[in-house]
Peer 1: 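Below you will find the structure I want to go over with you.
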Amino acid sequence: MHHLPRNLLLGALALGLSAPAFADDWFVRLGAAHVDPKSNSGSLAGGALSASIDSNTQLGLVLGRQLTENWAVELLAASPFKHTVSLNGVEAVDFKHLPPTLGLQYRFAPSAAVSPFIGAGLNYTRTWSESTRGPVAGADVKLGNSWGLAGQAGLAVRLGEAMELVLEARYIDISVDVSVDGAKVGTADVDPMVYALTLGWRF
């Protein structure tokens, strides 16, 4: 009987050494990120112009830290996305943007081989490099920046003690003011779905 406390202590220690460590882990993920704006991005110039924005795929980067076994905080970044705005079906404005998104994520089964997760956070979208052609060629078209909420859901597939494959989808609330030659002509509601497939490492 006098060996029982020591045996319990050794057993607990062995369990702790064999269980995967999640809290305080940093992680990074790299892969493809695809931004797919909603098909109708609103109307401009008092309804005279119908705006739509095409999709684009770039290199996606996620950097984060596991706070507990279930909770993590992460920052979504990417190489600059390039889009074309069409007005009444005619290509008119090309622009670039970056949509960094900071969020809190919850994993339902962090130790499982396949772990579903959800998350929510805040997005800031910065736009630049507007160039015009077609119906607005030569005009000074500017797209504003945007703050909005973001939601996330996905699956993480464990590939090893420190590696995982992550498939996820995000909805981001992005609305940008549009001005032509200094006068505001309306707001484009981009509101994209962002799909990503990334390979992650923990350290």
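Values reported hereafter were calculated over all heavy atoms of this structure, with side chains retained and with hydrogens, waters and symmetry mates removed. This structure is a prediction, so every number in the text was calculated from the model and none was measured.
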Peer 1: Please determine if R65 and E74 form a salt bridge, counting it only when a charged side-chain N lies under 4.0 Å from a carboxylate O.
Peer 2: no

Peer 1: Linking I/L/V/M/F/W/Y whenever any side-chain heavy atoms sit under 4.5 Å apart, do V62 and L75 land together?
Peer 2: no

Peer 1: Just so I know, are the side chains of N70 and T68 near enough to count as touching, which here means a heavy-atom distance under 4.5 Å?
Peer 2: yes

Peer 1: Mind listing the closest non-hydrogen atom pair of L102 and V73 along with its distance?
Peer 2: CD1-CG2, 4.1 Å

Peer 1: Is a donor from one side chain sitting under 3.5 angstrom from an acceptor on the other, for R202 and Q66?
Peer 2: yes

Peer 1: For F117, give me all partners under ring-ring contact (aromatic ring centres under 6.0 Å, His included), at least two apart in sequence or on another chain.
Peer 2: none

Peer 1: Give a yes or no on whether V136 and V185 share a hydrophobic cluster (residues Ile, Leu, Val, Met, Phe, Trp, Tyr; joining criterion: side-chain heavy atoms under 4.5 Å apart).
Peer 2: yes

Peer 1: Is there side-chain contact between P192 and I174, with heavy atoms separated by less than 4.5 Å?
Peer 2: yes

Peer 1: Indicate yes or no: at least one non-hydrogen side-chain atom of L67 is less than 4.5 angstrom from one of L104.
Peer 2: yes

Peer 1: Apply side-chain contact (heavy atoms from CB on, under 4.5 Å) to the pair D189 and V176, showing each step before the final yes or no.
Peer 2: CA-CA 7 Å; D189 298 317; V176 298; over 6 Å; no

Peer 1: Nearest 0.5 angstrom please: S79 OG to K96 NZ, how far?
Peer 2: 10.5 Å

Peer 1: Please find the pair of heavy atoms, one from G144 and one from T127, that lie closest to each other, and give the distance.
Peer 2: O-OG1, 3.2 Å

Peer 1: What residues form a ring-ring contact (aromatic ring centres under 6.0 Å, His included) with H34, not counting sequence neighbours?
Peer 2: none

Peer 1: For the hydrophobic clusters of this structure (ILVMFWY residues joined by side-chain heavy atoms under 4.5 Å, transitively), does one cluster hold both W201 and L159?
Peer 2: yes

Peer 1: How far apart are the C-alpha atoms of L76 and R170, what are their side-chain angles, what is the distance that settles it, and do they pass the side-chain contact (heavy atoms from CB on, under 4.5 Å) test?
Peer 2: CA-CA 10 Å; L76 170 68; R170 300 173 188 252; 3.5 Å; yes

Peer 1: Quick one: do K82 and E130 make a salt bridge, cutoff under 4.0 Å?
Peer 2: no

Peer 1: Ignoring hydrogens, what is the shortest heavy-atom contact between V180 and A139? Give both atom names and the distance.
Peer 2: CG1-CB, 4.0 Å

Peer 1: With side chains defined as the heavy atoms from C-beta onward, is the minimum distance between V166 and L155 less than 4.5 Å?
Peer 2: no

Peer 1: On a heavy-atom basis, which atom in D173 and which in S146 lie closest, and how many Å separate them?
Peer 2: O-OG, 4.1 Å

Peer 1: Does the side chain of N123 come under 3.5 Å of the side chain of T125 through a donor N or O and an acceptor N or O?
Peer 2: yes

Peer 1: Supply the atom-to-atom distance S86 OG to E91 CD, rounded to the nearest 0.5 angstrom.
Peer 2: 5.0 Å

Peer 1: Below 4.5 Å, heavy atoms only, C-beta onward: do T84 and V93 meet side chain to side chain?
Peer 2: no

Peer 1: Got a sec, which pairs hit ring pair (Phe, Tyr, Trp, His ring centres under 6.0 Å) with one end in residues 69-90, sequence neighbours left out?
Peer 2: W71-Y106, F81-H97, H83-F95, H83-H97

Peer 1: Under 4.5 Å between any side-chain heavy atoms of V85 and D54, yes or no?
Peer 2: no

Peer 1: Just how far is it from atom CD1 of I118 to atom CD of E168, taken to the nearest 0.5 Å?
Peer 2: 13.5 Å

Peer 1: Minimum heavy-atom separation for T101 to P99, with atom names?
Peer 2: OG1-O, 3.1 Å

Peer 1: Let me know which of L61, L199, T198 forms a side-chain contact (heavy atoms from CB on, under 4.5 Å) with L30.
Peer 2: L61

Peer 1: Can you list every salt bridge (charged side-chain N to carboxylate O under 4.0 Å, His left out) pair that touches residues 109-126, not counting sequence neighbours?
Peer 2: none

Peer 1: If you round to the nearest 0.5 Å, how far is OG of S175 from CG of D191?
Peer 2: 5.0 Å

Peer 1: Quick one: OH on Y195 to CG on D36, what's the gap to the nearest 0.5 Å?
Peer 2: 6.0 Å

Peer 1: State which residues pass salt bridge (charged side-chain N to carboxylate O under 4.0 Å, His left out) with D94; sequence neighbours excluded, sorted by chain then number.
Peer 2: R133

Peer 1: Taking all atoms of both residues into account, what is the closest heavy-atom pair of A78 and L98, and its distance?
Peer 2: O-CD2, 3.1 Å

Peer 1: Backbone N or O of P110 within a donor-acceptor pair of the R158 side chain at under 3.5 Å?
Peer 2: yes

Peer 1: How would you list all residue pairs meeting ring pair (Phe, Tyr, Trp, His ring centres under 6.0 Å) that involve residues 128-174, not counting sequence neighbours?
Peer 2: Y124-W147

